[in-house]
Amino acid sequence: MQQIFNFIFKNSTRLLFLLLLSISLSLTIQSHSFHKSRIISSANFLTGGVYEEINNITEYLNLKTENDALALENARLKSILFSTKDSVNIKKLENLKGVAPEDVLVSNVIHNTYNTHENFLTLNSGSKQGVKPDMGVINSLGIVGIIDKTSPNYSTVVSILNVKSQINAKIKKSNHFGSLTWNGKSTGFVQLIDVPRLANIRKGDTIVTGGQSVIFPENINIGTIYKYYYEEETNYYVIDVKLFNDMTNLGHVYIIKSKDRDEVNNLEKESKSHE
């Protein structure tokens, strides 16, 4: 306490000067609006700068919280983007001759193999939705495969990129038939075999499904003739067909119900039993 008194006593002149200066400045500011406005403006500038710096520091310290919030928002937006409820409605396939709209099921490919010799797809539709083995699967570009097995909510499809697959097909322009197979080489090409030598074949002609099958309706697109050659051993043409579909990139597909399949199969069984 004694030190404080000693400090005031030694600096009494200076302290008195500062006190009188402060009083005079205060009286000047209070009595003149110009000086008052300048002081307030300077104070606001100073405090504004301080507040801005504090805000910058606070924002930096809160970056983790902001990043977490952004991550949650991104997750929410992605869930909306990939939600089937919020996605664009898939139109029903139209203009299938002999197939009613109610006999076409819309499904989605959830698994697809294309790098083996016996490729399969998995769809998110099963027996609960009316899917049965041997139903044809197509999309807007062409055929995809044939239903193999079903569970209540899922089904597997024998892809046209399967060496064991055989589908009746024809040259659209000439109606010459053959069997659509795959040689296990390229995912972009399948082969139409057993085409008779009399067939008029031209590169670029369209290959479609034939009318000798109860699985696919007639004239469903498959692809175009890329090249062909004649096999002397079999006396038939082998045609490389360039697919309309990119079988490595499949999304929504259509499953085609065939009301006549059971009737035709039973009739054929009866005919064979009488042979």
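Predicted model only: the values in this text are computed from it and were never measured.
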Answer whether the closest heavy-atom distance between the side chains of [X] and [Y] falls below 4.5 Å.
X	Y	result
Val137	Ile256	no
His117	Lys164	no
Lys257	Met135	yes
Ile207	Ile171	yes
Asn235	Tyr230	yes
Leu123	Tyr154	no
Thr122	Val109	no
Thr209	Ile143	yes

If I take atom [atom1] from residue [X] and atom [atom2] from residue [Y], how far apart are they, to the nearest 0.5 angstrom?
X	Y	atom1	atom2	answer
Leu141	Leu250	CG	CG	9.0 Å
Ile239	Asp205	CD1	CG	8.5 Å
Asn115	Asn119	CG	CG	6.5 Å
Thr187	Leu161	OG1	CG	6.5 Å
Thr150	Lys132	OG1	NZ	9.5 Å
Ile222	Ile225	CD1	CD1	11.0 Å

Checklist entry - Cut-off 3.5 Å, side chains only: do Asn124 and Asn153 have a donor facing an acceptor? => result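 Not at all, the side chains of Asn124 and Asn153 share no donor-acceptor pair under 3.5 Å.
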Next on the checklist: I'd like to know if the side chain of Ser107 pairs up with that of Ser125 as donor and acceptor (distance under 3.5 Å, no hydrogens or angles considered).
Outcome noted: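 A donor-acceptor contact under 3.5 Å links the two side chains.
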Hphob cluster co-occupancy, [X] + [Y], side-chain heavy atoms under 4.5 angstrom:
X	Y	value
Leu121	Val104	yes
Leu243	Val163	yes
Ile255	Val106	yes

Checklist entry - Does the separation of the ring centres of Tyr229 and Tyr237 fall below 6.0 angstrom? => result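 They do not qualify: ring centres at least 6.0 Å apart.
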Checklist entry - Would Lys149 and Ser155 count as a side chain to side chain contact (heavy atoms under 4.5 Å, CB included) if you check the C-alpha gap in whole Å, the side-chain angles of each, and the deciding distance to 0.1 Å? => result CA-CA 6 Å; Lys149 291 181 173 58; Ser155 54; over 6 Å; no
Item to check | Working for side chain to side chain contact (heavy atoms under 4.5 Å, CB included), residues Thr181 and Val190 | outcome: CA-CA 6 Å; Thr181 62; Val190 292; over 6 Å; no
Which pair of non-hydrogen atoms, one from [X] and one from [Y], has the smallest distance, and what is that distance?
X	Y	result
Asn112	Met247	ND2-O, 2.8 Å
Ser165	Val158	CB-CG1, 4.3 Å
Ala169	Leu192	CB-CD1, 3.8 Å
Asn139	His252	CB-O, 3.7 Å
Ser179	Asp194	OG-OD2, 4.2 Å
Pro196	Phe177	CD-O, 3.7 Å

Checklist entry - Ile215 and Ile167: side chain to side chain contact (heavy atoms under 4.5 Å, CB included), yes or no, with the steps? => result CA-CA 9 Å; Ile215 296 176; Ile167 297 170; over 6 Å; no
Item to check | Side-chain (Gln166) to main-chain (Leu180) donor-acceptor, under 3.5 angstrom | outcome: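 The answer is no, because no donor-acceptor pair under 3.5 Å joins these two groups.
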Checklist entry - When you look at Tyr254 and Leu105, which way does the side chain to side chain contact (heavy atoms under 4.5 Å, CB included) test go after all the steps? => result CA-CA 5 Å; Tyr254 304 97; Leu105 300 173; over 6 Å; no
Step through the shown structure and confirm whether more than 12 heavy atoms of other residues, nucleotides or ligands are within 6.0 Å of [atom1] on [X].
X	atom1	result
Tyr114	OH	no
Phe189	CZ	yes
Tyr226	OH	no

Item to check | Cation-pi, Tyr228 ring and Lys203 (6.0 angstrom, 45 degrees) | outcome: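 Verdict for Tyr228: no cation-pi partner in Lys203.
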